[in-house]
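Beneath this line is the structure, given in structure tokens, with notes to follow.
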Amino acid sequence: MNLVRRRALVPPSLRTASAVALSAIVAVSVLCTGVAHAAGPTVTGTGSSFAALEIEQWKSDVANEYDIAINYQAGGSTQGRLSYLNGTVDFGASDIEYQSDEQNLINASSRKDFVYVPITAGPVALMFNLTGPGGRISNLDLTRSDACRIFTEPEIKWNDASIQATNPGVALPDRKIRPVVRNDGSGTSFVFSEYCINVAGDVWNAFKTYVANNDPDQNSIPLREGKPVSTWPQGIGSATGATAATGVAQTVQLSPDTITYNDAATAITTFIDGAPSPVASVENAAGAYIKPVPAAATIALGYAEARANGTFALRYDGADPGAYFPSTYSYVIAQTSGFDPAKGKVLGTFLNYAVTAGQRNVEELSYSRLSTVLVNLALDKVQQIPGAPARPTDLAGAPPPPDVLAGTIAAKGAAGAAGAAGGIAGAAGAAGGAAGGAAGAVLTPEQAKAAAAAAEVLAAQAQAASEAEAADQSAADEILAVQTNGPGGREVIFTLLQGALLVGLGVFLSKGVRTSWQKK
Amino acid sequence: MALTSPDLQALEEQVPRDIARTVTRGDRIFRTLCASAAAVSLFIIGGTALFLAIKAVPALQKAGLLSFFTTSVWNPTVGDFGVLGLLIGTIIIATVSLIVAVPLAIGLALFINEYSPARIRRVLTSSVDLLAAMPSIIFGMWGFFALQAPLVGVASWLNLHLSAIPFFRLSEPDAPLLRSSFIVGTVVALMIVPIITSVSRDVMAQCPRSQCEAALALGGSRWGMIKEVLLPFGKAGITGAVLLGFGRALGETIAVALIIAFTIEANPYVLEQGGGSIASLIAIKFPEAQDLEISALIAAGLALFSMTLLVNLGARAIVRRTQIAA
Amino acid sequence: MRLFAEPRLQLEVDVDMSLLDERPLDETPVPEAPEQEPIEEQVPFRPRALVRSERVELLLAVASGVTGSAVMCLLFDWTQPLTFAIWALLLFLGSTYLLARDSQSPIVATDRLITTLVWTSGGIAVSVLLWMLGYVVVKGIAGLNFEYLTSDLSKVGPLDDGGGVFHAIVGTLEQMLIASVLSIPIAILTAVYLHEIRGRLAGIVRFVIDAMSGLPSIVAGLFIYTVWVLQGRGPSGLAAGLALAILMIPTVTRTAEEMLKTIDDGLRESALALGAPQWRSVMQVVLPTARSGLITASILGVARAVGETAPVLLTAFGSSSINWSPFNGPQADLPLYIYQLLRQPNPAQIARAWSGALVLVLLVLILFVLARVIGERGARVRGGSR
Amino acid sequence: MTTVQSPQTAETPAANRQVVSSEILPEELHPSSRIDATDVTCWFGKRKVLERCTLSMEPGEVTALIGPSGCGKSTFLRSLNRMHELVPVAAIAGTIELDGVDIYSEEMSPTEVRSRIGMVFQKPNPFPAMSIADNVLAGLSLSGMSNEDPKALVEQCLRRAGLWAEVSDRLNEGGMSLSGGQQQRLCIARALAVHPDVLLMDEPCSALDPISTRVIEQTIRELCEEITIVIVTHNMQQAQRVSDKCAFFLVESIGDPGRIVEAGPTTQVFENPSDPRTYDYVTGQFG
């Protein structure tokens with residue numbers, strides 16, 4: 001037996017393979033440990049698809065400016081509220097506060113200490129895809145009742161007498177309206193149903209009766225009680241469902257005769273036939289037909305009433321002729337105790353940016369700017385997050401609360417809910433309106449001049465602010481500093497790895513080809 | 001040692017002796033290792049099934065087993081849910097896909113095995129296998145963007161010419177045809193074609209050439225040979241392959257979720273927008289699911305799993321039987 | 001006892017197996033007949049080629065199909081091109097049958113009809129494959145460049161250009177690694193247990209594996225989501241890897257068992273006859289002989305898992321920035337990346353999704369070619385004609 | 001063995017013939033037909049396996065093709081009823097005439113040729129999914145014929161194949177339940193059911209035991225009165241026993257195609273071969 005020299009029977013190719021595998025693992029682990037991408041941990045959030053585009057924009061801004069990573073996946077406000085509670089994400093985003101039937105979930109959760117940070121506001125647009133006998137229709141006026149009938153009346157047609165009466169110059173087709181609604185839990189659905197309950201109660205009651213008669217099973221309790229619904233009843237009439245604001249927008253984009261409700265940002269970034277999707281002008285309490293533009297939403301939200309927890313009860317009956325209803329706020333739900341301070345630092349930095357400097361460009365995406373009142377409110381809330389950075393002093397030129405006409409209810413008081421003086425900044429408020437191109441606002445030349453002057457002042461302030469920010473940021477960087485190789489190093493290593501992989505693959509393949517060739 | 005059983009009295013009759021099986025330590029370790037690996041798979045996999053069953057109980061209790069399978073609602077917040085519509089929707093989609101896929105797959109298998117020129121046969125076989133490995137999301141997105149428009153054409157053709165068949169009717173003349181069960185079914189069909197093809201091709205290839213030649217030598221045409229020899233030979237295997245494809249079609253998630261306009265209730269108008277399947281229900285509803293709804297989703301998953309389980313076991317049994325016979 | 005085995009044994013094995021090359025006559029890969037004239041002026045005649053009368057009939061059938069369908073479309077004012085195509089196909093098939101029936105016999109006609117049908121379905125299937133791959137390539141190639149491959153989406157706003165897929169590739173590779181490390185050893189050992197040891201559990205294990213090989217992938221995802229993600233651990237690459245491992249175990253086990261079945265029993269017996277204990281015969285004869293088959297099985301398992309979207313959707317959550325650590329925090333993954341971008345109506349995002357799809361297709365293609373090359377080499381070693 | 005040379009055979013019913021009638025093969029030429037192969041050359045791809053083989057197979061005779069393995073006997077045989085072309089890369093030159101009509105001409109469909117010229121293979125291959133009776137009748141449905149009295153046809157064919165007595169009581173059992181020799185005779189019966197004019201047999205007994213072989217040889221002798229038979233065999237004694245005429249195939253050196261070295265009456269080939277190589281082969285000097 002001893003005469004036979006024995007060696008482990010590992011075939012050479014297996015040895016090569018294990019060597020390659022080993023070196024790959026080593027390379028990957030070197031990359032993992034040596035190259036960190038962002039300073040600090042990635043903070044993950046989910047929820048509101050209404051605010052998603054803006055959050056995506058801020059996420060990219062802070063990644064560029066502060067080198068912090070925010071990961072946001074839009075999935076609907078309900079998902080935002082619930083995922084926050086079950087701990088799968090660091091923060092949630094929702095257009096509405098927790099509902100009464102969710103209270104037991106809050107009680108059961110370990111994350112019941114949280115604040116609502118208002119981050120954005122904007123109009124709920126009715127985007128549609130419609131071609132009439134005279135070609136594509138891009139202007140459509142809807143009365144409040146018609147806007148709701150479209151989504152609740154099963155057999156309504158585009159050339160419905162009432163719709164046609166509102167749009168005398170438009171040749172509407174004799175086809176069924178195919179509303180597209182959200183099939184996931186959505187703050188936008190909630191706001192829109194709340195709007196209908198408030199402005200077209202008879203339509204909503206007819207809807208309730210219809211639902212109860214035609215589909216008793218679907219009759220969810222909130223709907224039965226006349227409360228707004230996050231999950232729009234499914235399978236009623238000719239409505240189809242789709243997931244998230246992007247989902248309904250995509251459905252409208254692809255299907256003719258459709259209309260949906262979603263955030264104006266998604267609506268205007270969805271292209272139909274090469275042009276941004278048309279959106280309907282909706283009648284307000286004053287009887288004016290208003291496009292869903294930021295300034296109009298600002299005015300509409302001026303009627304909202306603050307609640308104790310920092311959210312707002314929306315009102316849909318403001319008397320201002322420039323207001324666009326339905327409009328809504330969106331909030332981030334952030335944990336205040338028990339939160340990892342490192343993550344709190346990142347989240348705080350992000351939110352501070354979002355409500356101050358981040359607000360400068362929101363109108364490009366059809367969101368409205370938050371007023372000083374709301375920005376201050378938000379910054380206060382951010383301070384409650386563990387590890388949050390210092391409160392920025394500069395508000396990046398946030399406009400004062402809008403000066404709105406008194407509505408059926410004491411609307412002005414609502415606007416100044418936090419107790420700030422509502423009346424002082426008429427000119428600046430109008431400036432915001434002018435910048436947004438508010439359809440309904442009528443400005444005198446003096447007001448416009450004043451607005452321009454105010455804007456200049458604001459711009460100067462903004463410059464100062466950004467300098468201050470830069471200082472802030474360097475400080476933040478110091479605290480958050482983790483060795484980063486920078487993109488250069490990472491790319492080099494990656495390229496090398498990629499090259500090695502390709503070479504390895506090539507060698508392997510050529511070996512295979514050669515052996516098979518030799519065989520022949 | 002010889003064992004004498006009491007029944008065997010006759011001395012002449014020999015009794016088999018016991019063979020002492022000594023197992024070396026190495027073998028024992030080896031066997032234990034393999035057995036524990038098997039046990040781990042068993043545990044993981046059996047555990048999954050068991051866990052799903054246990055987790056589904058609260059939902060089924062709340063909704064009632066009967067009502068869970070006989071209603072089409074999804075209001076988990078009030079404990080009211082049922083998957084009847086989705087079960088029907090799942091079956092509709094899978095059936096549509098089978099109707100489209102089976103002729104195509106068997107035709108393709110025959111083409112590869114019997115008709116194609118020899119030099120492209122290997123290429124075809126590889127392509128089919130590659131297609132079988134193609135991710136479903138690729139099929140889904142391609143179906144969504146490239147295939148919908150032509151399929152709407154097919155749908156309107158079917159409706160135009162065959163509306164005598166209830167299957168091809170529309171609820172109203174200008175109903176939207178995008179995102180329908182028919183389109184989803186067709187996309188899923190293209191996904192299961194490679195699976196059915198590659199299994200039935202394997203089975204057909206096992207048919208002894210001598211018998212095929214005998215059929216030809218008797219004056220049979222190629223189709224005669226296929227009909228009389230090849231298909232009877234491969235019948236069980238092909239059935240198994242079709243069932244495998246059916247199982248896959250039942251469980252397909254992403255392509256369905258991506259394309260279909262999701263509804264909880266069954267949509268009997270196959271060509272028309274709207275429909276649903278259990279898998280897409282889970283994909284759409286899980287993010288906002290809590291407690292009872294999770295349990296309800298698991299119950300729905302369990303229902304889907306049982307359905308695919310039955311189909312798959314049937315398929316395996318049939319395929320295995322043919323393999324043994326061959 | 002022996003710690004090492006003789007290399008000779010394996011050599012013998014290889015030789016043995018290569019003798020078993022037995023292919024059906026029909027599949028002998030003989031090169032094509034040349035058109036050159038053989039000596040003595042005899043011209044080879046290929047009886048299978050279409051004869052002239054058949055060609056004429058084919059042309060006639062095509063012509064009658066097209067014209068008939070055109071006439072119908074004109075008469076009934078059908079404008080859909082598909083209506084025309086479908087009718088043309090039906091008329092073509094009908095006239096093929098009738099022409100052959102007229103000139104030959106019903107048997108020949110049926111045969112020709114079926115031949116046409118089979119060619120049609122083969123053509124449809126092949127063109128669908130080419131169409132799909134071509135579509136993905138055409139749509140995806142535009143966005144595929146170095147920047148796309150090496151950057152993530154963290155610094156890209158909703159309307160910006162740029163951004164890439166790097167984070168998703170990293171996520172995919174890490175999740176695949178985790179899933180493979182977890183599932184492949186278990187799966188192969190289980191296959192050995194099923195086919196080599198045939199222990200008491202074999203029946204039930206095989207049953208369960210069979211049953212679970214049809215497990216809808218979303219159910220596997222739901223399982224991990226419930227027992228892992230919701231239990232305070234949160235979404236992570238590891239969770240995705242676990243879900244994919246659950247899906248891979250049955251696939252790999254089944255394929256591996258099939259591979260072990262192709263090994264001739266004589267091999268095992270000859271190893272045992274040399275005095276090797278079972279574990280040696282398995283580890284040093286059976287497994288090395290089946291090695292390439294097992295690698296193929298594993299790669300095919302990976303190729304299937306790499307394209308799974310549904311389980312990852314529930315477990316990895318997705319991310320727009322790179323997350324190197326699969327154990328901590330949400331991670332992206334190629335199918336998920338595609339899925340999430342696809343659902344946005346924004347053309348830039350959809351273009352990114354197509355490029356991601358192209359990357360994914362390439363990844364699957366590489367895995368597939370690897371499996372093929374290794375598998376073929378193994379088939380040569382074993383001398384099988386699989 | 002009860003081999004019944006039955007009276008039924010005599011009335012080989014023209015009534016039963018449902019073969020597509022054609023002018024090429026008029027009825028009066030039956031019961032036997034002749035095959036004339038002229039300058040047949042066969043290729044598999046580039047490889048030429050058979051070269052310029054000329055052989056006439058006369059009506060009512062048994063022609064045996066003999067020669068060592070790989071010399072192209074089977075290829076020649078398969079080219080006689082167009083089975084050769086089933087291999088995708090196969091090509092052929094020369095003419096093969098059945099009663100003066102070239103079977104490779106454009107007007108002839110292979111299926112018709114094959115139903116005229118039946119074939120029995122080396123290994124018995126009854127269709128496993130069919131019963132014994134169905135196996136016999138398989139050719140009818142395959143080649144599109146019909147028969148008014150299938151039962152009678154089954155009996156007649158089984159009798160002619162010498163199998164009736166053994167299986168008459170279990171016609172509905174599976175074809176695979178028979179022994180090897182019985183299976184081969186079942187295959188012969190199956191081939192007879194379509195009323196071929198010529199029957200090709202490719203080493204029909206090589207997989208069988210001597211007793212089955214004898215029965216089949218007897219069957220062959222009986223059948224040759226009405227059907228022209230061509231048989232490939234490795235067994236010299238068998239060739240001597242059953243054949244009237246013999247053709248000796250040979251590959252002269254490796255890589256060459258096979259050629260017919262000598263053909264003629266069996267007695268002459270075996271007892272007085274004109275070619276020394278034939279002599280060597282039939283006397284067992286090589287091969």
>> Between C:Tyr135 and C:Trp354 (judged by ring centroids, cut-off 6.0 Å), do the two rings come close enough to count as a pair?
In response: yes

> So which part of B:Thr197 gets closer than 4.5 Å to some heavy atom of chain C, the side chain, the backbone, both or neither?
Replying inline: neither

> Is the gap between the ring centers of B:Tyr115 and C:Trp119 under 6.0 Å?
Replying inline: no

> At a heavy-atom separation under 4.5 Å, does B:Ile298 approach chain C through its side chain, its backbone, both, or neither?
Replying inline: both

> With a 4.5 angstrom heavy-atom cut-off, which part of B:Leu52 approaches chain C: side chain, backbone, both or neither?
Replying inline: side chain

>> Between C:Arg254 and C:Glu257, does any NZ, NE, NH1 or NH2 come within less than 4.0 Å of an OD or OE carboxylate oxygen?
In response: no

> Using a cut-off of under 4.5 Å for heavy-atom pairs, which of C:Val282, C:Thr120, C:Val108 has the most such pairs with chain B?
Replying inline: C:Val282

> What residue in C:Leu129, C:Ile249, C:Ile107, C:Ile209 has the most heavy-atom pairs under 4.5 Å with chain B?
Replying inline: C:Leu129

>> So for B:Thr253, is it side chain, backbone, both, or neither that comes closer than 4.5 Å to the heavy atoms of chain C?
In response: side chain

>> If only side-chain N and O atoms count, and only distance matters, is there a donor-acceptor pair under 3.5 Å linking C:Thr115 with B:Arg222?
In response: no

> Where does B:Thr308 contact chain C at under 4.5 Å (heavy atoms): side chain, backbone, both or neither?
Replying inline: side chain

> Checking B:Ile294 against chain C: side chain, backbone, both or neither under 4.5 Å from a heavy atom?
Replying inline: side chain

> For B:Leu104, is it the side chain, the backbone, both, or neither that has a heavy atom closer than 4.5 Å to a heavy atom of chain C?
Replying inline: both

>> On a heavy-atom basis, which atom in B:Gly143 and which in B:Ile259 lie closest, and how many Å separate them?
In response: C-CD1, 4.2 Å

> Contact part of B:Phe139 toward chain C, heavy-atom cut-off under 4.5 Å: side chain, backbone, both or neither?
Replying inline: both

>> Given heavy-atom pairs under 4.5 angstrom as the criterion, report whether the side chain, backbone, both or neither of B:Leu124 touches chain C.
In response: side chain

> Which residue out of B:Val311, B:Leu110, B:Leu131 racks up the most heavy-atom pairs below 4.5 Å with chain C?
Replying inline: B:Leu131

>> I'd like to verify something: which residue of C:Ile204, C:Leu222, C:Asp210, C:Val192 has the highest number of heavy-atom pairs under 4.5 Å with chain B?
In response: C:Asp210

> Do C:Arg304 and C:Glu308 sit within salt-bridge range, that is, some charged N less than 4.0 Å from a carboxylate O?
Replying inline: yes

> Do any N or O atoms from the side chain of B:Glu293 and from the backbone of B:Ser295 form a donor-acceptor pair under 3.5 angstrom?
Replying inline: no

>> Check for me whether C:Arg198 meets the cation-pi criterion with C:Tyr193, that is, NZ or CZ under 6.0 Å from the six-membered ring centre and within 45 degrees of the ring axis.
In response: no

> What part of B:Leu160 is in contact with chain C, defined as an atom under 4.5 angstrom from a non-hydrogen atom: side chain, backbone, both or neither?
Replying inline: side chain

> Among C:Leu194, C:Val208, C:Ile188, which has the most heavy-atom pairs under 4.5 Å with chain B?
Replying inline: C:Val208

>> As a test of understanding, state which of C:Leu367, C:Ile366, C:Val252 forms a side chain to side chain contact (heavy atoms under 4.5 Å, CB included) with C:Ile299.
In response: C:Leu367

>> For B:Lys55, which atoms come within 4.5 Å of any heavy atom of chain C: side chain, backbone, both, or neither?
In response: side chain

>> Heavy-atom pairs under 4.5 Å with chain B - which of C:Leu334, C:Leu113, C:Leu314, C:Val126 has more of them than the others?
In response: C:Leu314

> Which one, C:Ala187, C:Ala85, C:Ala211, C:Ala125, leads in non-hydrogen pairs under 4.5 Å with chain B?
Replying inline: C:Ala211

>> Shorter than 4.5 Å, heavy atoms on both sides: which option in B:Phe30, B:Trp142, B:Phe145 has the most such pairs with chain C?
In response: B:Trp142

